[in-house]
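The block underneath contains the structure these notes are about, expressed in structure tokens.
Atom set for the values below is all heavy atoms of this structure, side chains included, hydrogens, waters and symmetry mates excluded.
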Amino acid sequence: MSIGIKIKKGLDLHLAGAVSDIMNITPCPTPTVAVIPDDFEGFIPKMEVKEGDKVLAGQAVMRHKLQEAIKLVSPAAGTVKAIVRGERRKILRVVIEVENGGSVSHDVKSALASPTETRMLLMQSGLWAMMRQRPYDIVPDANADIRDVFVCGFDSAPLAYTPAETSNDTRKTLEAGVRLLSSLTRGKVYVSRRQGQKLPDLAGAEMVDITGPHPAGNAGTMIAAISPVNKGETVLCLDITTLARIGALALTGEVPMETIVAITGSEVSSPHLVRTTIGAEMGALLKGEIKADGWNHRIISGNVLTGYKDSIDGYLRYPYRQISVIPEGDDVAEFMGWASLSPKKMSTSPSFPGYFSGKKLFRPDARLLGGRRAMIMSGEYDKVMPMDILPEYLIKAILGRDIDRMEQLGIYEVAPEDFALAEYADTSKLELQKIVREGLDYLRKELE
Amino acid sequence: MKALKKLLDKARPSFEPGGKLHAFHSVFDGFDTFLFTPSETSRSGAHIHDSMDSKRTMIIVIAALLPSLLFGMYNTGYQNWLACGETDFPFWSLMLYGFLAVLPRIVVAYVVGLGIEFIVAQWRREEIQEGFLVTGILIPMICPIETPLWMIAVATAISVIFVKEVFGGTGYNIFNVALVTRAVLFFGYPAKMSGDSVFVSLNSIFGLGGNAPDGFTGATPLGQIATSGATSQAELANSLTSIASEPLSSWDMFLGLIPGSFGETSTLCILIGAALLLATGIASWRIIFSAFAGGAIMALVANTFATPTYPASYLSVADQLCLGGFAFAAVFMATDPVTSCRTNTGKYIYGFLVGAVAIIIRTYNNGYPEGAMLAVLLMNAMAPLIDYCVVEANVRRRMKRMPRTSTHEK
């Protein structure tokens with residue numbers, strides 16, 4: 001049985017630089033990998049290894065200060081090369097030099113016997129930290145009473161890559177993952193998919209067929225349509241790659257740490273897919289890939305809406321399986337851009353000729369394209385948010401740090417990524433995702 | 001363009017903190033961002049942004065106002081020619097006359113309003129915002145052409161300071177700034193702002209046009225109705241005349257060749273502007289359509305129960321919507337996104353009430369020949385209340401959901 005959801009609000013951005021050949025995946029080894037605790041929202045790191053230590057793939061390198069069973073693990077076997085700290089000795093990243101070596105094998109049979117043991121297995125294997133909970137959009141609480149589990153089966157973000165086929169082996173792995181997750185919740189395991197994806201029905205899961213524009217693939221969209229999160233409830237969100245890793249752990253006792261990354265964006269000479277390791281070096285992934293045209297570029301770990309602004313010396317950030325390279329735009333002088341009728345300008349407004357150009361691909365840069373203003377236009381956010389949320393009012397409640405109002409307006413249902421399209425479309429150029437993230441952190445701090 | 005950019009880049013250091021001209025940095029920023037798209041790139045969240053910004057939004061509104069503005073110039077000349085008893089109407093002379101009549105008013109509104117904006121932006125160390133670009137052109141358009149310049153200056157200053165800046169500037173005002181300017185004029189200088197002689201420009205300008213005969217009166221159609229004492233529809237129709245004492249048809253009222261506030265007379269030109277605003281999605285179609293619906297329904301009700309006590313109740317629905325400032329208010333005033341309702345449901349209610357209240361005030365209060373301004377201001381005050389109810393409905397839905405899912409079954 002499956003649930004059908006049709007989404008009308010939203011926006012598909014037509015960007016240049018999509019991967020055209022999704023069957024051709026180039027292997028791309030990386031000399032070092034990094035574990036970056038900031039990628040795991042809500043995780044407060046404590047080191048478990050020292051510089052110079054040898055680690056196995058899947059071995060814990062950090063633990064959560066508040067819930068010590070939750071670990072971050074090394075994506076590769078090798079030697080801990082550096083523990084980079086920032087201000088007030090904050091751990092910025094742990095860099096591991098990749099060497100040949102084995103990986104940690106977990107005793108699965110005994111662990112799967114009880115739900116408590118299963119949770120422990122996920123935490124020890126690093127997979128728990130790879131999931132998110134709502135409310136707060138953070139690494140799930142170790143003791144959370146999980147109402148439902150939501151698995152995003154596809155990525156609808158601009159230029160994102162979703163496999164077109166699911167092999168029989170993959171299906172079995174995914175089903176093993178679903179079985180394991182079912183034991184954690186008193187509710188259901190929902191898995192979303194879209195047309196053309198050829199993701200078969202997975203035994204034990206409730207399949208959710210979603211049609212419509214981005215954010216169709218976001219967890220928030222699926223949750224809003226099926227059963228929004230109420231105060232006091234907790235749901236678990238993960239993507240299908242993490243589900244496959246959980247399945248592989250249940251079947252083999254080991255967590256596969258390789259990942260397929262889409263190298264996309266208008267400034268990439270030939271967008272393609274690579275097979276690499278979680279936390280790989282940007283330099284290795286992008287070697288010779290960026291157009292050498294003399295203009296400034298922006299390298300993004302992830303997609304253009306929610307990704308992290310990275311640099312060529314950085315590392316692929318978790319959970320992204322995509323790199324986008326776009327023009328930075330700070331070196332262009334555009335005369336009276338607000339009056340422009342250029343068809344190259346991307347917009348949701350019919351006052352730009354580009355609006356009528358159908359499927360034409362755009363090459364936007366990272367400029368704000370306007371000054372930051374108070375919220376002037378109304379209804380702009382509603383058009384791209386397929387949730388029963390009044391985004392303007394929620395944002396105002398967050399800015400006012402009004403906890404009661406935030407709760408009433410549904411702060412528990414949202415994550416920053418749900419506001420990404422609104423942030424794109426906003427003519428007042430407000431930093432909505434940052435506002436929401438700060439609001440969620442504030443709420444958590446006040447209520448804990 | 002490169003030379004201009006270089007010039008700006010060269011001048012920039014003297015406007016930065018410590019520079020000689022730092023006191024004018026917000027003016028410099030204003031011009032800089034006007035001439036060149038700011039090269040500021042996103043620091044958090046979404047890496048790309050829509051090309052639409054508030055500058056373009058405001059400019060599109062101004063473009064939508066242009067047909068009414070140009071028609072206003074023509075009509076000002078036309079009414080002067082009529083008042084002088086001319087029978088020949090040379091197009092370009094009429095336009096030039098109207099242009100010369102309105103130009104000082106536009107200049108005064110902009111100089112006073114933008115001057116205050118610049119000073120406040122400088123004081124708050126903010127970038128100059130573009131909100132007044134629209135307000136500045138609206139003010140002369142909603143005032144009678146004979147409004148003295150000093151009154152426009154005083155009213156604009158009061159309105160910009162006490163309605164906008166004290167609340168925080170563009171985006172924070174609770175009332176429409178242009179309409180408050182009009183209200184200040186209306187209630188502050190009632191003798192000068194209503195009656196028979198302010199809606200028609202009566203004197204020649206630089207030798208253009210002519211001086212109307214002494215004691216000339218040029219009442220607007222709504223002014224005539226309020227004093228007509230008509231007791232039937234036919235009588236009312238007969239009592240409506242142009243300032244040359246010829247009968248007025250509904251078509252004249254739609255085209256706008258009637259005395260009235262400068263930019264408000266031509267429903268046709270207003271509808272052209274409305275088409276642009278709706279096509280670009282800048283004005284809310286919900287508000288515009290529900291305002292016309294509200295006005296039409298109320299006019300129909302008034303007309304059905306027409307009474308000699310209120311002569312305006314004899315007006316047909318079409319005439320009610322074409323006369324006075326109704327269409328202008330529905331298209332350009334009620335749709336101000338800052339002071340109207342912000343929720344979609346709220347917009348229907350808000351628009352409907354703007355339309356209905358405008359007709360109620362106009363029809364059932366002989367003291368106020370026109371009610372559109374008061375209706376929009378009243379609804380500006382009510383908009384947060386309407387939104388509050390809509391938001392509470394959303395909150396209630398969320399609260400109701402709680403018990404059902406907390407007994408979630410496996």
Side-chain angles (χ1 to χ4, degrees), chain A residues 147 186-187 227-228 230-233 298 300 304-305 307 309 326 328-330 332-339 345-352 364-371 373-379 382 388 390 392-393 408-410 420 423-429 431-434, chain B residues 1-2 4-5 33-57 59-60 127 129-131 168-172 279-282 284 286 337-338 340-344 347 387 390-392 394-395 397-399 401-402 405-406 408-410:
Chain A
R147 192 197 75 191
R186 55 198 167 83
S227 176
N230 293 308
K231 188 181 180 178
E233 296 175 338
R298 172 171 292 213
I300 303 162
V304 291
L305 290 175
K309 182 187 173 184
I326 59 170
E328 179 73 25
D330 58 351
V332 218
E334 191 185 358
F335 183 65
M336 299 227 282
W338 52 267
K345 299 214 109 187
M346 187 167 80
S347 178
T348 51
S349 160
S351 71
F352 288 91
D365 58 37
R367 283 176 301 165
L368 294 181
L369 299 169
R373 295 287 180 266
M375 234 179 251
I376 295 175
M377 300 302 284
S378 58
D382 300 84
D388 186 22
L390 295 168
E392 283 172 28
Y393 288 87
Q408 290 170 352
L409 292 168
E423 184 170 348
Y424 161 76
D426 185 10
T427 51
S428 294
K429 317 289 176 190
E431 296 176 296
L432 298 182
Q433 295 185 77
K434 190 177 166 193
Chain B
M1 292 313 119
K2 271 191 183 149
L4 191 61
K5 179 81 187 157
T33 57
F34 181 82
L35 290 171
F36 292 96
T37 303
S39 56
E40 186 186 356
T41 54
S42 90
R43 279 194 295 265
S44 80
H47 297 272
I48 55 173
H49 285 81
D50 198 294
S51 301
M52 195 70 185
D53 70 343
S54 50
K55 278 196 180 57
R56 192 178 180 93
T57 311
I59 296 297
I60 291 173
E127 193 184 331
Q129 309 203 344
E130 42 284 281
T170 305
Y172 297 103
T280 51
I282 292 200
S284 160
R286 293 182 176 88
V338 177
S340 62
C341 275
R342 301 190 69 90
T343 55
N344 286 341
K347 281 174 185 160
D387 276 340
V390 177
V391 173
E392 285 307 303
N394 178 282
V395 170
R397 251 198 321 279
R398 184 163 291 111
M399 296 299 146
R401 205 172 62 203
M402 292 271 258
T405 36
S406 60
H408 198 282
E409 289 164 29
K410 167 120 189 176

Checked B:P337, B:A46, B:G281, B:P38 vs chain A; the most non-hydrogen pairs under 4.5 Å come from B:A46
### Task
For the pair A:D388 and B:R397, evaluate salt bridge (charged side-chain N to carboxylate O under 4.0 Å, His left out) and give the outcome as yes or no after the intermediate values.
CA-CA 9 Å; A:D388 186 22; B:R397 251 198 321 279; 2.8 Å; yes
- Query: Do the side-chain N and O atoms of A:D382 and B:N344 include a donor-acceptor pair separated by under 3.5 angstrom?
  - Reply: no
I'd like to know if A:K429 and B:E40 make a salt bridge, using a cut-off of under 4.0 Å between side-chain N and carboxylate O. no
Residue from B:K55, B:K5, B:Q129 scoring the most non-hydrogen pairs under 4.5 Å with chain A is B:Q129
Under 4.5 Å to a heavy atom of chain B? For A:I300 that would be side chain
Q. How are the rings of B:F34 and A:W338 set relative to one another: parallel (under 30°), tilted (30 to 60°) or perpendicular (over 60°)?
A. tilted
Note: A:P350 and B:A279 closest approach over all heavy atoms is CG-O, 3.2 Å
With chain B, the option among A:E431, A:K231, A:E392 that has the most non-hydrogen atom pairs under 4.5 Å is A:E392
The side chain to side chain donor-acceptor pair (under 3.5 Å) partners of B:R43 (sequence neighbours excluded) come to none
pair B:T57-A:I376: side-chain heavy atoms closer than 4.5 Å: no
Applying side chain to side chain donor-acceptor pair (under 3.5 Å) to B:D387 and not counting sequence neighbours gives A:Y393, B:T343
Mind checking whether A:T348 and B:D50 have side chains closer than 4.5 Å, heavy atoms only? yes
Residues B:T170 and A:A374: closest non-hydrogen pair is O-CB, 3.7 Å
For a quick check under 3.5 Å, do A:R298 and B:H47 share a side-chain donor-acceptor pair by atom type?
yes
*Side-chain heavy atoms of B:I282 within contact of A:M377, under 4.5 Å*: yes
OG of B:S51 to CD of A:E334, rounded to nearest 0.5 Å, is 8.0 Å
One should read off an interatomic distance between B:R56 CZ and A:M336 CE, to the nearest 0.5 angstrom, of 11.5 Å
query = Are B:S44 and A:K309 close enough that a side-chain donor and a side-chain acceptor fall under 3.5 Å?
reply = no
Shortest non-hydrogen pair, A:S351 vs B:M52, comes out as OG-SD, 3.8 Å
Between B:T41 and A:D365, is any pair of side-chain heavy atoms under 4.5 Å apart? no
